Amino acid sequence: MPAEAVAPLIRGVTVLRRLTEAGGTLSPSALERATGLARSTVDRVASTLARMGYVRMDGRDVTLAPRVLELGNAYLAALGWPALLAPHAGALAEELDESVTLTVPDRDGVRLVHRSGHRRRLPLGFPLGTLHPADRTAPGALFATEWTDTDWQSWRARRPGSEPWAAFENRARTAARNGWSEDAELTEPGLLTLSVPVRDAAGRIVCAASVVSHTGRHTAAGLRDTVLPHLRGTATAMERTLRDAPAPRPGAAPSGLASWTSASKQELGREFVESLARGLTVLTAFGEGRGELTLTDVARATGLPRATARRALLTYAHLGLVRRSGTRGFRLTPRVLSLGFPPLSRLPLSELATPHLTELSTHLTESVSLSTLTPTGEETRCTAATAPTHALSLEAEVGTRQPAHATPAGRVLLSDLPPDLRKRALCHPEAPTPDALTTDLDTVARQGHALTDDAPEPGLRTLAVPVRDGTGRVVAAIEATIHRARRTREACMKEVLPHLLATANAMETDLRLTTHVTSAPH
């Protein structure tokens, strides 16, 4: 360990990694056992991470929170190319009705950085950021074609036994000769993967593009015969995009981080580990158009003293999270994705929403729920709900469906649809006339909320607001259901609406983190 390494930063990274390996949640005592840290240290690290929004305290447990994804997203945005190549991967997934992934090398392993899905029921592939041994994957054989003698020696030292050595070395030689590689149930029984390299202008492999299927649909030979021409064509198109893409314009760097950590230290005292918080902010200095930064760049972006930024970078280099680039620069490595990305990258909307809904319901002492449109657009479906314990609370049941035109949540969702798609709501036999519905939905779209009395039953008053994804599209609606004896319409607008909007804004922040240059479902 370098003499200048920041010990609290190492401890914080260790806690994030152990939480990631455990699927996102551990009790403090389990963290104590997993990390080897003292319980008091675990508590202080968890308190600091909670202040940063990277974890939340769920009763007795420590749980990863979506904001921790900003660390992995900084790496993906710094790469630049995942966002450029995602449309090609999505088009191929749509054409083949298969999963298409992009992976990068991470020492003698491979990490998944993008996945485009398919319409079928059986989900294929692994969470984004997942690390697999190179010798157990199709992309790994491709990346090994560029390994040096030192890389091979390092891999052999971590993979004892001559038999695995020979098998993987043969696979790498075959991949170099063929220009593609396959994994026939090597990673997991029943899983088939076919991979080709995507190269930059200098001929170096940037990533591996893969089609992932299963033995219920193809044999290994059948997948190769069916998919390889299409996969190679997509890789060629990806390489063309990389060559023709203009240099990325630097996005806005984070600001005020150093002053925020100082203020948090003053407020929380010894429960806030300032050196940990300051060290983690260094990772967020990287991003779009900021793939390589000097020490001066990092200090300027974060507002940290050069000495503090330097110690953090040296610590990250020791942990394998950054690497030196050239004589003065630093770059993030794929290992940054080990900090929370796998368990959170495909977090369902219902799970993302539940902590926000619980906090909102507790504050308002009212029933709140989250609804989405069904595929036909005729109905809404409750995907998450929570309710207080007072006698006049209405507890919505997850999975409940309602006619979309008849509820505020449905009207909020329909108001964002173009006129031709709104017509689907009129298929319901109790729907109003087209003119009346159009007028109502236009009003909801203009106001940004919907308020209805006596719905879903007499005596209730319901208020709903939209939740938008990173593209601005309304993907869900938050709804508060209130007994009319508890609040007037005017009180709902004054006392409830601002909190609904604030909760929607918090959920939208989480949605942007979970969808930024990550998976692209179809």
Side-chain angles (χ1 to χ4, degrees), residues 74-89 92 100-115 128-129 131-135 137-155 168-169 171-183 193-211 228 231-248 286-293 317 320-337 517:
Y75 163 72
L76 294 170
L79 280 184
W81 56 257
L84 292 174
L85 304 188
H88 294 292
L92 183 61
V100 176
T101 64
L102 302 177
T103 52
V104 295
D106 185 353
R107 292 178 67 185
D108 54 7
V110 301
R111 284 196 191 269
L112 180 67
V113 297
H114 176 85
R115 179 183 60 254
L128 298 179
L131 178 70
H132 287 288
D135 52 293
T137 67
L142 293 174
F143 298 137
T145 64
E146 295 187 336
W147 283 5
T148 64
D149 289 342
T150 301
D151 294 328
W152 280 106
Q153 291 171 7
S154 176
W155 171 75
F168 184 52
E169 288 165 357
R171 290 181 57 222
R173 283 192 291 269
T174 301
R177 183 172 61 252
N178 293 340
W180 52 266
S181 179
E182 63 183 353
D183 162 11
T193 304
L194 184 67
S195 303
V196 299
V198 177
R199 301 179 184 274
D200 61 16
R204 294 183 296 267
I205 299 177
V206 174
C207 66
S210 306
V211 172
L228 188 56
L231 184 55
R232 278 177 160 162
T234 295
T236 299
M238 289 179 173
E239 292 171 347
R240 188 181 308 115
T241 296
L242 290 176
R243 287 195 305 270
D244 297 342
F286 296 83
E288 185 177 1
R290 303 193 308 277
E292 180 178 329
L293 298 178
L321 296 169
V322 303
R323 62 177 176 83
R324 292 188 178 274
S325 178
T327 56
R328 299 171 55 226
F330 295 88
R331 288 184 177 273
L332 299 182
T333 72
R335 196 158 302 178
V336 176
L337 296 175
V517 291

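Note that the coordinates shown come from a computational prediction; the quantities given were computed from them, not determined experimentally. Because only heavy atoms are used, hydrogens play no part in the values below, and waters and symmetry mates are left out as well, while side chains stay in. Positions are given from 1, in the same order as the sequence printed here.
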| Close side-chain approach of F330 and L293, heavy atoms under 4.5 Å | no
| field | With sequence neighbours excluded, residues passing side chain to side chain contact (heavy atoms under 4.5 Å, CB included) with R328 | value | T294
| task | Only counting residues at least two apart or in another chain, list the ones meeting salt bridge (charged side-chain N to carboxylate O under 4.0 Å, His left out) with E169. | result | R156
| Taking all non-hydrogen atoms of both residues, which atom of A317 and which atom of V322 are closest, and how far apart? | N-CG2, 3.4 Å
| field | Partner set under side-chain hydrogen bond (donor to acceptor under 3.5 Å, both in side chains) for R173, not counting sequence neighbours | value | N170
| request: Heavy atoms only: give me the nearest F168-A134 pair and the separation to one decimal. | output: CE1-O, 3.5 Å
| task | Kindly assign one of parallel, tilted or perpendicular to the pair W147 and W155, based on the angle between their ring planes and the thresholds 30° and 60°. | result | tilted
| said: Is there a side-chain contact between V211 and L228 in this structure, where contact means two heavy atoms from C-beta onward sitting under 4.5 Å apart? | reply: no
| field | Qualifying residues under side-chain hydrogen bond (donor to acceptor under 3.5 Å, both in side chains), relative to S154, sequence neighbours excluded | value | R158
| field | Which residues share a side chain to side chain contact (heavy atoms under 4.5 Å, CB included) with L102, sequence neighbours left out | value | W81, L85, V113, H114, C207, A209, M238
| said: Quick check: closest heavy atoms across T137 and H132, and the distance to 0.1 Å? | reply: CG2-CB, 3.6 Å
| Nearest heavy-atom neighbours spanning A172 and T145 | O-CG2, 3.4 Å
| remark: So salt bridge (Lys or Arg N to Asp or Glu O under 4.0 Å) across residues 144-155, not counting sequence neighbours, yields E146-R199
| request: Quick one: closest heavy-atom pair of P197 and L142, and the distance? | output: N-CD1, 3.7 Å
| Identified side-chain contact (heavy atoms from CB on, under 4.5 Å) counterpart of L337 within the set L76, L128, L332 | L76
| Does R204 have any salt bridge (charged side-chain N to carboxylate O under 4.0 Å, His left out) partners at least two apart in sequence or in another chain, and if so, which? | D200
| said: What verdict does the side chain to side chain contact (heavy atoms under 4.5 Å, CB included) test give for Y75 and L321, after you've listed the backbone C-alpha separation in whole Å, the side-chain angles of each residue and the deciding distance to 0.1 Å? | reply: CA-CA 10 Å; Y75 163 72; L321 296 169; over 6 Å; no
| Is a side-chain N or O of S181 found less than 3.5 angstrom from the main chain of A175, in a donor-acceptor match? | no
| note | For P87, the side chain to side chain contact (heavy atoms under 4.5 Å, CB included) test, sequence neighbours excluded, returns none
| said: Going by salt bridge (charged side-chain N to carboxylate O under 4.0 Å, His left out), name the residues that satisfy it together with R111, two or more places apart in sequence or in a different chain. | reply: D106
| Partner residues of T174 under the side chain to side chain contact (heavy atoms under 4.5 Å, CB included) criterion, sequence neighbours left out | R177, N178
| task | Can you run down the salt bridge (Lys or Arg N to Asp or Glu O under 4.0 Å) pairs that involve residues 235-246, sequence neighbours left out, and say none if there aren't any? | result | none
| With R331, which residues qualify under salt bridge (charged side-chain N to carboxylate O under 4.0 Å, His left out), at least two apart? | E292
| query | In Å, rounded to the nearest 0.5 Å, how long is the span from OG1 of T103 to CZ of F143? | reply | 4.0 Å
| Could you give the distance from CG (L242) to NE2 (H88), rounded to the nearest 0.5 Å? | 8.0 Å
| said: For F286 versus A78, what's the shortest heavy-atom pair and its separation? | reply: CB-CB, 4.4 Å
